[in-house]
Q: 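Mind having a look at this structure? Questions to follow.
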Amino acid sequence: MNLKSLTRSDWLWQIALILFALMMAFAVKWQPQVFQALTPERPALVSPLAWQTDHFTSMAWLTALVHFCLVGLNLFLVHTLVRRYELIDSLSIFPVFFYLVFSACYPPAYGANSALVASALMVVATINVFDCYQAKNCQIQVFNVFLFTTLAAAFVPALLLILPLLWLSFNWVNPFNFSRLLASIAGILTVVWIFAGLSFLLGRWEMLLDCLACLPDYLDFQWPGPWQEMLFLGCCALLFLVAALYRLNKFYSEKNSVRGYLSFLIFNWFVLVFLGMLISPLKNECLTLSVLPWSVMMGHFFNANDNWASRILLLLLLSSGLFCYFSWFLF
């Protein structure tokens, strides 16, 4: 069966979902500590919401179940994004497949449920960005974009650093004028106002400040990790660059709207990966957030290319992913 047939096969994502569930069950059985991604040694980098999301129970299987459900929510949102805006010119399900591949093969991100909640909020924000395409009056959508992005930052505080860049990347979809700037500031202040009000009512001002105070202390360009992980992540990055270069080569063969959407996603991927390198203790959370643009670009590339080179690249990705997963338990 060729790749073109696979992109339209309903059973592909179903098999991938079953394998993902089995791989998580194996992790719960043999190394339940992988579902304790956040540790008390670095609470200053984690907001209270993230701390509660990742440590609401000491039972590994329950944390794994919540993780599985959150991945399912993100799969639904990613598929909705792809189909609603026709990011791929066929009834392709490859983005969902690649989202599952990364989620299954990278155990260090297991248990970081706060990052998955932030990822779902970021997908909703992205949907609102795309709704602004060629819209004359989209202040409400802009408000929603920055509202949901700031809510996502309540779970992964480092996302606050991308808010100024979001003003820049928005221009690929629609020019960012003064009225939209005011709408974006209103969206940010709405979340700040809610947290300030809760902090006042609960008498816990640290809920608003602690997650921000130590971010500058953790600025570090190092990205430590076992070479097995770096091999898989390197393959993911290589394939993303290949997909991005292919899209640039076929830039004018896409619809104007799709060109803007994909440019926005490519820029966001680079920003999130750089953010993970800049704040290395949060690299797994940033990688989880970067899976959205990565999976869409993988689906777009492999849907358009069915040759020996693309098949080799796909096998390389799957092989490195399986090696990363099993080596995490064996070494």
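Worth saying up front: this structure is predicted, and the values here are computed from it rather than measured.
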Q: Any link between Leu313 and Trp308 through a network of hydrophobic side chains (Ile, Leu, Val, Met, Phe, Trp, Tyr) touching at under 4.5 Å?
A: no

Q: Parallel, tilted or perpendicular for Trp172 and Phe267, by the 30°/60° rule?
A: tilted

Q: Which atoms form the tightest heavy-atom contact between Ala304 and Tyr246, and what is the distance?
A: CB-OH, 3.5 Å

Q: Any side-chain heavy atom of Arg83 sitting closer than 4.5 Å to one from Ile93?
A: no

Q: Should Leu87 and Leu265 count as side-chain neighbours, where that means a heavy-atom distance under 4.5 Å?
A: yes

Q: Hey, could you give me the CG/CG distance between Asn144 and Asn128, rounded to the nearest 0.5 Å?
A: 4.5 Å

Q: Are Leu318 and Leu316 connected into the same hydrophobic cluster when the rule is that any two of I, L, V, M, F, W, Y join if their side-chain heavy atoms are below 4.5 Å apart?
A: no

Q: Would you call Phe274 and Cys286 a side-chain contact if the rule is heavy atoms closer than 4.5 Å?
A: no

Q: Are any of the side-chain heavy atoms of Met24 and Phe68 separated by less than 4.5 Å?
A: yes

Q: About how many Å separate OG1 of Thr150 and CG of Leu189, when rounded to the nearest 0.5 Å?
A: 8.5 Å

Q: Taking atom types as modelled, is there a side-chain donor on Asp131 or Tyr85 under 3.5 Å from an acceptor on the other?
A: yes

Q: Do Pro95 and Ile88 come close enough that some side-chain heavy atom pair is under 4.5 Å?
A: yes

Q: With the side chain counted from C-beta on, respond yes when Leu77 and Leu73 share a heavy-atom pair under 4.5 Å apart, and no when they do not.
A: yes

Q: Side chain to side chain contact (heavy atoms under 4.5 Å, CB included) for Leu159 and Leu289? Distances and angles first, verdict last.
A: CA-CA 10 Å; Leu159 285 175; Leu289 291 166; 3.6 Å; yes

Q: Check whether Phe148 and Phe76 end up in the same hydrophobic cluster, where Ile, Leu, Val, Met, Phe, Trp and Tyr are linked by side-chain heavy atoms less than 4.5 Å apart.
A: yes

Q: Return the CG to OG1 distance between Leu166 and Thr149, rounded to the nearest 0.5 Å.
A: 5.0 Å

Q: Quick check: do Phe176 and Val142 have side-chain heavy atoms less than 4.5 Å from each other?
A: yes

Q: Do the non-hydrogen side-chain atoms of Tyr106 and Thr288 ever get within less than 4.5 Å of each other?
A: no

Q: Assess whether ring-ring contact (aromatic ring centres under 6.0 Å, His included) is satisfied between Phe264 and Phe170, documenting all intermediate values.
A: CA-CA 7 Å; Phe264 176 83; Phe170 190 89; 7.7 Å; no

Q: Should Val291 and Ser119 be marked as a side chain to side chain contact (heavy atoms under 4.5 Å, CB included) after you check the CA-CA gap, both sets of side-chain angles, and the distance that decides it?
A: CA-CA 9 Å; Val291 178; Ser119 177; over 6 Å; no

Q: Are Phe302 and Phe98 close enough that their ring centres sit under 6.0 Å apart?
A: yes

Q: Using the ring-ring contact (aromatic ring centres under 6.0 Å, His included) definition, which of the options Trp227, Tyr325, Phe102, Phe323 pairs with Phe232?
A: Phe102

Q: Using a cut-off of 6.0 Å, state whether more than 12 heavy atoms not belonging to Phe26 lie near its atom CZ.
A: yes

Q: After noting the C-alpha distance and the side-chain angles of Ile266 and Ser263, does the key distance pass the side chain to side chain contact (heavy atoms under 4.5 Å, CB included) rule?
A: CA-CA 5 Å; Ile266 290 173; Ser263 297; 5.8 Å; no

Q: Hey, any chance Val192 and Trp167 share a hydrophobic cluster, counting ILVMFWY side chains that come within less than 4.5 Å of each other, even indirectly?
A: yes

Q: Which heavy-atom pair separates Ala135 from Arg180 by the least distance, and what is that distance?
A: O-NH2, 3.1 Å

Q: If only side-chain N and O atoms count, and only distance matters, is there a donor-acceptor pair under 3.5 Å linking Asn256 with Tyr133?
A: no

Q: Please say whether more than 12 non-hydrogen atoms of neighbouring residues, nucleotides or ligands are located less than 6.0 Å from CD1 in Ile140.
A: no

Q: Which is it for Phe97 and Phe94 under the ring-ring contact (aromatic ring centres under 6.0 Å, His included) test, yes or no, and what are the steps along the way?
A: CA-CA 5 Å; Phe97 169 75; Phe94 253 22; 5.7 Å; yes

Q: With rounding to the nearest 0.5 angstrom, report the OG to CG distance, Ser327 to Leu322.
A: 10.5 Å

Q: Say you draw a straight line from CG of Asn177 to CD of Gln139; how long is it, rounded to the nearest 0.5 Å?
A: 6.5 Å

Q: Working to the nearest 0.5 angstrom, can you tell me the gap between Met298 CE and Leu314 CG?
A: 10.0 Å

